[in-house]
Number of protein chains: 4
Amino acid sequence: MAAQDTKVQTRAKGQATADRVRAAAMKRFAQAGYAAVSMREIASDVGVRPGALYNHFQTKQDILNDLMLGHMAQLLDAWETADFPDHMDALERFVRFHVRYHLERADEVFISYMELRNLEPDNFETIETERRKYEAILTEILEKGAQDGRYTPEHPKVTTRAIIAMLTGIPAWFRESGPLSKSDIEDHYVNLVQNAVLRAPGQSPRETG
Amino acid sequence: MAAQDTKVQTRAKGQATADRVRAAAMKRFAQAGYAAVSMREIASDVGVRPGALYNHFQTKQDILNDLMLGHMAQLLDAWETADFPDHMDALERFVRFHVRYHLERADEVFISYMELRNLEPDNFETIETERRKYEAILTEILEKGAQDGRYTPEHPKVTTRAIIAMLTGIPAWFRESGPLSKSDIEDHYVNLVQNAVLRAPGQSPRETG
Amino acid sequence: MAAQDTKVQTRAKGQATADRVRAAAMKRFAQAGYAAVSMREIASDVGVRPGALYNHFQTKQDILNDLMLGHMAQLLDAWETADFPDHMDALERFVRFHVRYHLERADEVFISYMELRNLEPDNFETIETERRKYEAILTEILEKGAQDGRYTPEHPKVTTRAIIAMLTGIPAWFRESGPLSKSDIEDHYVNLVQNAVLRAPGQSPRETG
Amino acid sequence: MAAQDTKVQTRAKGQATADRVRAAAMKRFAQAGYAAVSMREIASDVGVRPGALYNHFQTKQDILNDLMLGHMAQLLDAWETADFPDHMDALERFVRFHVRYHLERADEVFISYMELRNLEPDNFETIETERRKYEAILTEILEKGAQDGRYTPEHPKVTTRAIIAMLTGIPAWFRESGPLSKSDIEDHYVNLVQNAVLRAPGQSPRETG
DNA sequence: GATGAATGAGTATTCATTCAT
DNA sequence: GATGAATGAATACTCATTCAT
């Protein structure tokens, strides 16, 4: 039993260290960029010698990959389980979700967009697949809206990218101490996005066609 | 006169090398990121030994700074001298200019947004000042439009950033070989942006106030 | 216990390497001068790759500083614990001690005098303090002798430097294979120094004053 | 005549540059040591590009060699032409000459002692020959004095080195602003040296033999 | 005599990683 | 799981020197 306990304890300790490695790497990668961060710095943040990192991650690349995989999984999961008032339409839901999530996880998001090029090809492919899944959510919303005649029908994939780029740029300049609250930001972006894609009245295909 | 010629020739050769350094660094920085590019690689691209780079730039940082300063100066200058049909309104001009310029200079633009954090504080300040000048152009357009009642009046600075983020993201995914031409892209983004900020008819302050 | 042994062994190995670094650096610095010795050379002498040196010393400067601090500490300690016949007077003790010590540790001594200018300011200050302690020993001997009327009373600090310069120059030319033994040298310098500072008979303050 | 004038002027200009190179190198070598001084630094002091130095000296080593050869030649020449009161004995002359010369040319002297090891073998040999000539002057004085019974007869060559080391160490600590003037220093060292080698009365070979 | 560009070798130091313990 | 020592390759940058002009 003592041995069992020890094992459990050890595993728990290892888990805790791995998590601290992730946290330290996340902060450092977000601030300085993957290439500019050394394993020594991460180890020092964690309070451990560099060699010890290799008990938890096989390479530096694996840390990055782990962070990005985790981020995409959590992002998609968070969307699945997000809760909104019934009356809210899908586009508004998506915008509010995205802004909120990205403002709360600025580091993850930043890395996720900046460090794509530092992923080795295999890892990149996997992440890209996940990213496309996420983008597909918005594209689908836009396409459905176009079919309904509510949204303009042109190039929904391009519009997806335009909207996501617009939203994703927020954490780069947003400061809690600024004049606008997170909720102000959400509202403003909902307006911008809705206006951008809404079909103007009198232009509905039914009427013009 | 012969001596004069010699000097001119020598200096011209140096100028040419410096330009090739700029070009090589631009490509490499855009592809791999500043931190991941070595002076050796740049030198090798240029066809020169690493030490020779230091005849033209004092440090690697200076190369980055030179590229970013040059980009901002050219961007602002290009805006000043851009030529558009008289009937085109300012917002459309800006969007078309930005999309066009950024699609033609994808590398410069990419570096300009990605490598800001790798600028040393002094250099960063200078670049930021230039960037704010550029953003101010769009903010002013939005503010004037709001005064005229054509554009929604809320948070023109935030809207500026939203629009610029949206436009600047284009080169990240655009491919010549894709289904849309550069001109298609321009048209689509003009629509998105105009819709995003246009005040809906029947909502004009004159009529409602 | 096995783990304990391992740690002790590992640490002992590191200690041994550090000592070999010190020994190699000492020889090289003494022969070629600090600035002319490369970390590569030291590493090669030690039988290790250059990077491994940095497990033991943070910088090249730290190696120099370590050597000089060690030398001064050992010098002062050796004086404290030196053993001489009871009848021998303090000046003779000092001269014999200094000559002997410096002939046995020619490299340390040489570095200690030659490389002062290569110490960074903070390190220099610390070493200078130690050096002044050592000089103070001789100055005090001269001052006491002057009070007793045995030694000439003029400028004991200058005389200190004169004597130490004279003695310290020995290793620069002394060769074991030369006509004089170390002990001959000692005797000769004791004579020179004693004569230099002895008050001539008939000049004693008692008699003349 | 114009061409002639030009040549003369050019040669004079070159001579002047060479002299400024010597002066700059002297200061730098004295302060930082030969190995730690770069041709770039010297060139910058002179106000010229590094390549230009090679119009005046074939290598960095040649500058050092030139300085040391010049120093030894001037030292020996200065001794030949030095002027002293008739009544002054040879030993006092030598001490006063040496102290004076070394206090006035601290940089030359310092380099001359510190940078011997940085001379390539051939250059070293030449300089050593000159140095031995200079030391021979003092040795001869001591030997003559020993024959006369005025000086102790032991090991005049060792005594030579002791005295020269003692005297040569002065510029290392002497400061104009200190409590002693150059002339005080001279007097004090004359005393020390004379006492060191004077045969005590009642010990003269005539009387004891 | 001087320049600006270039070389080729070298500098101290840092890197991700390995591994015996 | 963690350590301390080590590796082998890389880093930005500097060096003395050359040379066409």
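To find a chain, count down the sequence lines: A is the first, B the second, and so on, and within it residues start at 1.
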Item to complete: Output all residues satisfying side-chain hydrogen bond (donor to acceptor under 3.5 Å, both in side chains) with D/R22, sequence neighbours left out; order by chain, then residue number.
Response: D/D19, D/D66
Worksheet entry | CG on D/L53 to CZ on D/R20, rounded to 0.5 Å | 11.0 Å
Discussion item. Counting only side-chain nitrogens and oxygens, does A/T17 get under 4.0 Å of the OP1 or OP2 atom of F/dA2?
Written reply: yes
Worksheet item: Within this structure, what is the CG-to-C1' distance between D/N55 and F/dT21, rounded to whole angstrom?
Response: 13 Å
Practice prompt. Give a yes/no on whether any side-chain N or O of C/R49 is located under 4.0 angstrom from OP1 or OP2 of F/dG8.
Written response: yes
Practice prompt. With a 4.0 Å heavy-atom cut-off, tell me which residues in residues 23-35 of chain C come close to DNA chain E, sorted by residue number.
Written response: none
Fill in: Qualifying residues under side-chain contact (heavy atoms from CB on, under 4.5 Å), relative to B/E120, sequence neighbours excluded
B/Q61, B/N123
Response to the item:
What residues 114-127 of chain B contributes to the DNA chain F interface at heavy-atom separation below 4.0 Å is none
Fill in: Partner set under side-chain hydrogen bond (donor to acceptor under 3.5 Å, both in side chains) for A/D45, not counting sequence neighbours
A/R28
Worksheet entry | Rounded interatomic separation in angstrom, taking NZ from B/K60 and P from F/dT11 | 9 Å
Item to complete: Look at the side-chain N and O atoms of C/H56 and state whether any lies under 4.0 Å from the OP1 or OP2 oxygen of F/dG4.
Response: no
Worksheet item: What residue among B/D107, B/I63, B/N118 forms side-chain contact (heavy atoms from CB on, under 4.5 Å) with B/F29?
Response: B/I63
Worksheet item: Within the pair C/T59 and E/dA12, is there a side-chain N or O less than 4.0 Å away from OP1 or OP2?
Response: no
Discussion item. Does a side-chain N or O of A/S38 approach OP1 or OP2 of E/dT14 to a distance below 4.0 Å, or not?
Written reply: no
Fill in: Watson-Crick and G-U pairing of DNA chain E written in dot-bracket, each distance under 3.5 angstrom, with | for inter-strand partners
.||||||||||||||||||||
Practice prompt. Could you tell me the separation between the OH atom of D/Y54 and the C1' atom of F/dT21, rounded to a whole number of Å?
Written response: 19 Å
Fill in: Euclidean distance, atom CE of residue A/M39 to atom P of F/dT3 [Å, nearest integer]
14 Å
Practice prompt. Please determine, for the side chain of B/P50, which listed nucleotide (F/dT7, F/dG1, F/dC13) has the closest atom?
Written response: F/dC13
